[in-house]
Amino acid sequence: MNQHQTPEAPQGAADAFPVDKIRSLFPALRQAGDFVFMDNAAGAQIPQSVLDAVTNHLVSHNMQRGARYPRGIALDKSIADARESVALLINAYYPAEVCFGMNATSFIRLVSLGIGQMLSERSEIIVTDMDHDANIATWLALEPLGATFKWWRMREDGNLHVEDLKPLVSEKTRLVACTVTAHAIGSIVDVAEVSKIAHAAGAEVFLDCVHYGPHGLIDVQAWDCDYLVCSGYKNFSPHMGFLWGRFETLKRLPTFKEDFIPDEPPHKIEVGTFNYENVAGMDAAVQYLELVGRNLAPANNRSRRENIAAGMAAIRAHELHLARAMLKELKSAGAVVYGVADEARIGERVPTFCFNLPGVAPKTVVEEMAERGIGIRDGHMYAPRLMKRLDLSMDSGAVRASLVHYNTLEEVRRFGEALRAIAVGAR
């Protein structure tokens, strides 16, 4: 069992998770009525507290950083508070290692351009065929600068195995770029072992943590990675992104900035104006996860990080029940499930399921689900190499249903009934 996997949740844990109370905190869920959100990998809903934080920013201190009057000072404090919260969320060594910006993709590009300027005898970059294309094509674009590439390929069991990485790493390896959790198929990668292998050869590790964020506890210290990117829109926050890197690593990284900007993180990364109101929302989203931990596992004198960990543990346990139930419903409808499909290995995935119904176009499945009040997605999931690996067409791709902790077992049951009806209607 790797560090991401969770032991079997105790019987009754699903009932113990106060999903109805959780759902009441999300205005979009209240407004939607009976509609089922199962497209959370394309953007989770936000709790009221996050909406309030964004509104408060826009009303109270909607201006540029660095002003000396009270509202400007309040803005600077808001950004500093958010940096502290995100540092606790990911267990950063220092808050200054957390850099805010537009999205994870733009941060991957920023880091890749910097690394491209530092290629020397170490010019090999290892990429995978399971990642979002943003964490593949961005690195491949460094080929004109002298980068060469090796592919760490997914096995037939739907996951990346560290045993397959070992022979790829050498004294020429500059970087291993991989996901923490596959955004399309939900497989969890043992990234702590990835770091051990890469660092033993003197290489660095870049992690795409966008999809893992809402499902489990992020820990850059335990994972021992060098860079990590995340996006708020899956983490119960508005659209924004953040980059974490070891302080000295970011300090060495070449970036593009005006001369008056200090040449150290986070300043050298946060060039220009970003969405301050969405950063305030990310701060509130972290506080929401703390609230979940305090309410579900109350304890005295517990730190903020410990409350976050307690909240994510409860979320993970609930989501394991959802994942197990979804897998059963998919199989009962005769769906072809991509990724980890063995219930005995349910701890190796999050409740994001990529599948197809034999004889039914993905587009048709999604449209008929929409008619039944269930929102899911079809397409290539921005993963052309994964689609090719799964022998799927980029034009049609597959269907993806993605759940988070505010989803319920009743919604899973509704999904299963609808999917079986679609499958029967296609015969």
Side-chain angles (χ1 to χ4, degrees), residues 25-26 44 46-104 107 209-210 213-214 217-221 228-247 250 261-262 264-295 301-312 315:
L25 303 176
F26 288 78
I46 65 172
Q48 183 68 50
S49 58
V50 172
L51 178 62
D52 292 342
V54 174
T55 301
N56 178 64
H57 169 91
L58 293 172
V59 172
S60 301
H61 38 262
N62 186 33
M63 65 276 299
Q64 183 55 277
R65 291 177 285 179
R68 299 186 188 279
Y69 49 87
R71 288 183 175 230
I73 294 170
L75 166 62
D76 290 344
K77 183 179 185 303
S78 172
I79 295 172
D81 289 345
R83 206 181 306 280
E84 176 72 25
S85 290
V86 172
L88 290 171
L89 174 70
I90 66 176
N91 200 25
Y93 299 98
Y94 311 105
E97 296 171 329
V98 175
C99 309
F100 295 125
M102 185 167 59
N103 52 49
F107 276 131
C209 198
V210 173
L217 185 65
I218 304 172
D219 194 333
V220 297
Q221 295 192 39
L228 178 142
V229 289
C230 218
S231 287
Y233 75 99
K234 295 191 185 188
N235 287 272
F236 319 109
S237 158
H239 283 266
M240 51 80 69
F242 63 84
L243 163 71
W244 170 86
R246 297 175 187 270
F247 187 84
L250 291 180
I261 295 176
E264 63 178 32
H267 314 290
K268 64 182 291 182
I269 307 295
E270 296 176 350
V271 177
T273 303
F274 50 87
N275 290 330
Y276 304 143
E277 62 271 27
N278 290 357
V279 170
M282 187 70 224
D283 184 13
V286 176
Q287 294 180 48
Y288 161 73
L289 296 174
E290 289 180 63
L291 177 68
V292 173
R294 286 199 305 272
N295 288 343
N301 302 318
R302 194 160 57 192
S303 70
R304 293 185 66 191
R305 171 67 181 179
E306 288 170 336
N307 281 323
I308 293 169
M312 296 313 301
I315 285 170

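Note that the CG atom of D283 and the CG atom of L88 stand 10.0 Å from one another [nearest 0.5 Å]. Taken from NZ in K268 to CG in L250, the straight-line distance is 7.5 Å, to the nearest 0.5 Å. One finds the CG atom of L217 at 8.0 Å from the CD1 atom of I308 (value rounded to the nearest 0.5 Å). Within the model, atoms CH2 of W244 and OH of Y94 stand 11.0 Å from one another, a figure rounded to the nearest 0.5 Å. Note that CZ of R294 is 9.0 Å distant from CZ of R304, once rounded to the nearest 0.5 Å. One distance of note links CZ of R83 with CG of D81; it measures 11.0 Å at 0.5 Å rounding.
In this structure, the ring of F242 has its center no less than 6.0 angstrom from the ring center of F274.
Counting all heavy atoms, side chain and backbone alike, G281 lies closest to V50 at O-CG1, 3.6 Å. When all heavy atoms of I218 and G213 are compared, the pair lying nearest together is CD1-CA, 4.0 Å. Here the closest heavy-atom approach between residue S237 and residue A285 is recorded as CB-CB, 4.0 Å. In terms of heavy-atom proximity, C230 sits nearest to N235 at SG-ND2, 3.9 Å. The two residues P95 and A87 make their nearest non-hydrogen contact at CA-CB, 3.8 Å. V279 and M240 make their closest contact through CG2-CE, 4.2 Å (heavy atoms, listed as atom of the first residue, atom of the second, distance).
Here the side chains of P238 and V54 are in contact, with some heavy-atom distance below 4.5 Å. Residues L289 and M312 are in side-chain contact: their nearest non-hydrogen atoms beyond the backbone lie under 4.5 Å apart. Here the side chains of Q48 and L25 are not in contact, with every heavy-atom distance at 4.5 Å or above. I269 is listed as a side-chain neighbour of F107, based on a closest heavy-atom distance under 4.5 Å. Using a 4.5 Å heavy-atom threshold, the side chains of Y276 and S78 count as separate. Looking at heavy atoms from C-beta onward, N56 lies in side-chain contact with H61 at the 4.5 angstrom threshold. Counting heavy atoms from C-beta on, the side chains of N62 and H57 come closer than 4.5 Å. When side chains are defined from C-beta on, Y233 counts as touching V210, because their heavy atoms get closer than 4.5 Å.
Side-chain polar atoms of Q287 and S85 form no donor-acceptor pair below 3.5 angstrom.
In this structure, the side chain of E97 engages the main chain of F247 through a donor-acceptor pair within 3.5 Å. Distance alone, capped at 3.5 Å, is enough to place a donor-acceptor pair between the N278 side chain and the H239 backbone. Looking only at distances, a side-chain donor or acceptor of D76 sits under 3.5 Å from a matching main-chain atom of G66. Panel note: side chain D219, backbone Q221; a donor-acceptor pair is recorded below 3.5 Å.
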